[in-house]
Amino acid sequence: MSRPKRWYDAAAADALRVVRRSSLDEGYALERWRHARTPPGLAECLTYPLSDGPGLGLLVLFPPVLWVLSLPVYDFIAVLEPLTKSDWALGLVVVPVFVPMLVSFTAVVGYMLLFLGHVLVASAMGENDHPRWPEWTPDDVAEGLGRWIWALFMGAAVAVPPAHAYWERWGVAVDWTTGIVATALVLLGVGFGQMALAASLMHDSILAANPVTVVLAARRIGRAYLLPTIVASVAATAVALGVYGLLYHVPRMWIEAVALWGFWVMTLYAGMVVMRMLGLTYHAHAMDLYWFRRRPKWATGSRTGRIYANS
């Protein structure tokens, strides 16, 4: 007589996986590739630009374009030296030739900043994958560029008046006191500016980048906001020194050409590192800030779970 079939399997629980409703809505890959709600580490942010296709593509494809568009501009400024020589007659003759190049350069820089904004939002959502490259639309590029300019203005509005007051009162001397004051002002301006940028990008409104929102956010994050501010300050200082050195301290043309290529690689790399750290800082303290629940409309499109894909 044959043995009756038994449909009960005690080991079935090990073979099946129950997926929560949230996983069905957001996708199983989203949970797999989500960053923990912990403060970001410096090492993971430094390796982030080299960990996926879009970041590597940005470092490989954009520096040649930026190099071609910016090299004549740097030479033009270096020769005229508008801050000292003020050769405005020659400048007015040459400017019409450079206008189309400046427009193209602004468009490429705006697209680059738009991608860095996507990096910030993706990191704030806790995604470990790089965001896909955004579509090249003039309105998105112009809007993103405007938000970066506004954040830069907010940071300058906080740091420049105290710097001017210190300059008028004590003068500028190369000593440890000036170094401490300059460092504090850079940290203050960069910290305020990058938080204003994060607020305007995540809220999808430039009105969110106001002093009340920025100060409350920095206060709620607390000491954990110090590391992103230091990293962003170092990056901003390196970029500023790079621009100054390329304009006034490069002895030969071929050295300037090589240095300018390296400058753009460094700038793009530093931008991704700073945006990654700022976004993960928000992700770690999202329950305290609670700025947004879903991805902003301008940054729709996620590559979560897809490796080396841009769609």
Chemist: Working to the nearest 0.5 Å, report the span between CZ of Phe62 and OG1 of Thr267.
Modeler: 14.0 Å

Chemist: Can you tell me how far the CE atom of Met125 sits from the CE atom of Met202, to the nearest 0.5 Å?
Modeler: 10.0 Å

Chemist: Say you draw a straight line from CD1 of Ile149 to CG of Leu197; how long is it, rounded to the nearest 0.5 Å?
Modeler: 11.5 Å

Chemist: Using the rule that Ile, Leu, Val, Met, Phe, Trp and Tyr join whenever any side-chain heavy atoms are under 4.5 Å apart, tell me whether Tyr244 and Leu66 fall into a single cluster.
Modeler: yes

Chemist: For Tyr225 and His285: C-alpha separation, side-chain torsions, deciding distance, then whether ring-ring contact (aromatic ring centres under 6.0 Å, His included) applies.
Modeler: CA-CA 10 Å; Tyr225 190 56; His285 299 85; 9.4 Å; no

Chemist: Give, for atom OG1 of Thr183 and atom CD1 of Ile230, the distance between the pair rounded to the nearest 0.5 Å.
Modeler: 10.5 Å

Chemist: In the structure I gave you, are the side-chain heavy atoms of Thr229 and Gln194 within less than 4.5 Å of one another anywhere?
Modeler: yes

Chemist: Would you say the side-chain atoms of Tyr269 pair up with the backbone N or O of Leu46, donor to acceptor, closer than 3.5 Å?
Modeler: yes

Chemist: Are the side chain of Tyr166 and the backbone N or O of Pro161 linked by a donor-acceptor pair below 3.5 Å?
Modeler: no

Chemist: Aromatic rings Trp261 and Trp67: how do their planes relate, parallel, tilted or perpendicular, breaks at 30° and 60°?
Modeler: tilted

Chemist: Ser51 versus His130: any side-chain heavy-atom pair under 4.5 Å?
Modeler: yes

Chemist: Is the closest side-chain heavy-atom distance between Leu61 and Trp133 below 4.5 Å?
Modeler: yes

Chemist: Quick one: NE2 on His283 to CG on Leu289, what's the gap to the nearest 0.5 Å?
Modeler: 12.5 Å

Chemist: Is there a path of hydrophobic side-chain contacts, each under 4.5 Å between heavy atoms of I/L/V/M/F/W/Y residues, joining Phe192 to Leu187?
Modeler: no

Chemist: Can Leu241 be reached from Val258 by stepping across I, L, V, M, F, W or Y side chains whose heavy atoms are under 4.5 Å apart?
Modeler: no

Chemist: Just so I know, are the side chains of Asp52 and Pro54 near enough to count as touching, which here means a heavy-atom distance under 4.5 Å?
Modeler: yes

Chemist: Who passes salt bridge (Lys or Arg N to Asp or Glu O under 4.0 Å) against Asp288, sequence neighbours left out?
Modeler: none

Chemist: Can you give me the closest heavy-atom contact between Pro49 and Cys45, atom names plus distance?
Modeler: CD-O, 3.4 Å

Chemist: I need the single residue from Ile206, Leu207, Thr213 that forms a side-chain contact (heavy atoms from CB on, under 4.5 Å) with Asn210. Which is it?
Modeler: Thr213

Chemist: Would a hydrophobic clustering, with Ile, Leu, Val, Met, Phe, Trp and Tyr connected at side-chain separations under 4.5 Å, put Val239 with Val186?
Modeler: no

Chemist: Closest approach of Leu227 and Pro40, non-hydrogen atoms and distance?
Modeler: CD2-O, 4.0 Å

Chemist: Looking only at heavy atoms, which two atoms of Val190 and Ser233 are closest? And how far apart?
Modeler: CB-OG, 3.5 Å

Chemist: Which heavy-atom pair separates Val243 from Phe263 by the least distance, and what is that distance?
Modeler: CG2-CZ, 3.6 Å

Chemist: Got a donor-acceptor contact below 3.5 angstrom from the Glu44 side chain to the Gly41 backbone?
Modeler: yes

Chemist: Minimum heavy-atom separation for Leu58 and Leu268, please, with both atom names.
Modeler: O-CD1, 3.4 Å

Chemist: For residues Met266 and Phe105: do they belong to one hydrophobic cluster (side chain heavy atoms under 4.5 Å, members Ile, Leu, Val, Met, Phe, Trp, Tyr)?
Modeler: yes

Chemist: Which heavy atom of Ala124 sits nearest to which heavy atom of Tyr282, and what is that distance?
Modeler: CB-CD2, 3.6 Å

Chemist: So if I apply the side-chain contact (heavy atoms from CB on, under 4.5 Å) rule between Trp148 and each of Leu116, Leu114, Val109, which one comes out positive?
Modeler: Leu116

Chemist: Can you tell if the side chain of Pro64 reaches within under 4.5 Å of the side chain of Trp264, non-hydrogen atoms only?
Modeler: no

Chemist: If I take atom OG from residue Ser123 and atom CE from residue Met277, how far apart are they, to the nearest 0.5 angstrom?
Modeler: 10.5 Å

Chemist: Do any N or O atoms from the side chain of His118 and from the backbone of Pro131 form a donor-acceptor pair under 3.5 angstrom?
Modeler: no

Chemist: Go through the steps to decide whether Ser200 and Arg147 satisfy the test side-chain hydrogen bond (donor to acceptor under 3.5 Å, both in side chains), and finish with yes or no.
Modeler: CA-CA 7 Å; Ser200 64; Arg147 288 170 176 166; 5.2 Å; no

Chemist: Check the pair Leu216 / Met195 against side chain to side chain contact (heavy atoms under 4.5 Å, CB included), numbers first and verdict last.
Modeler: CA-CA 10 Å; Leu216 287 179; Met195 185 62 73; over 6 Å; no

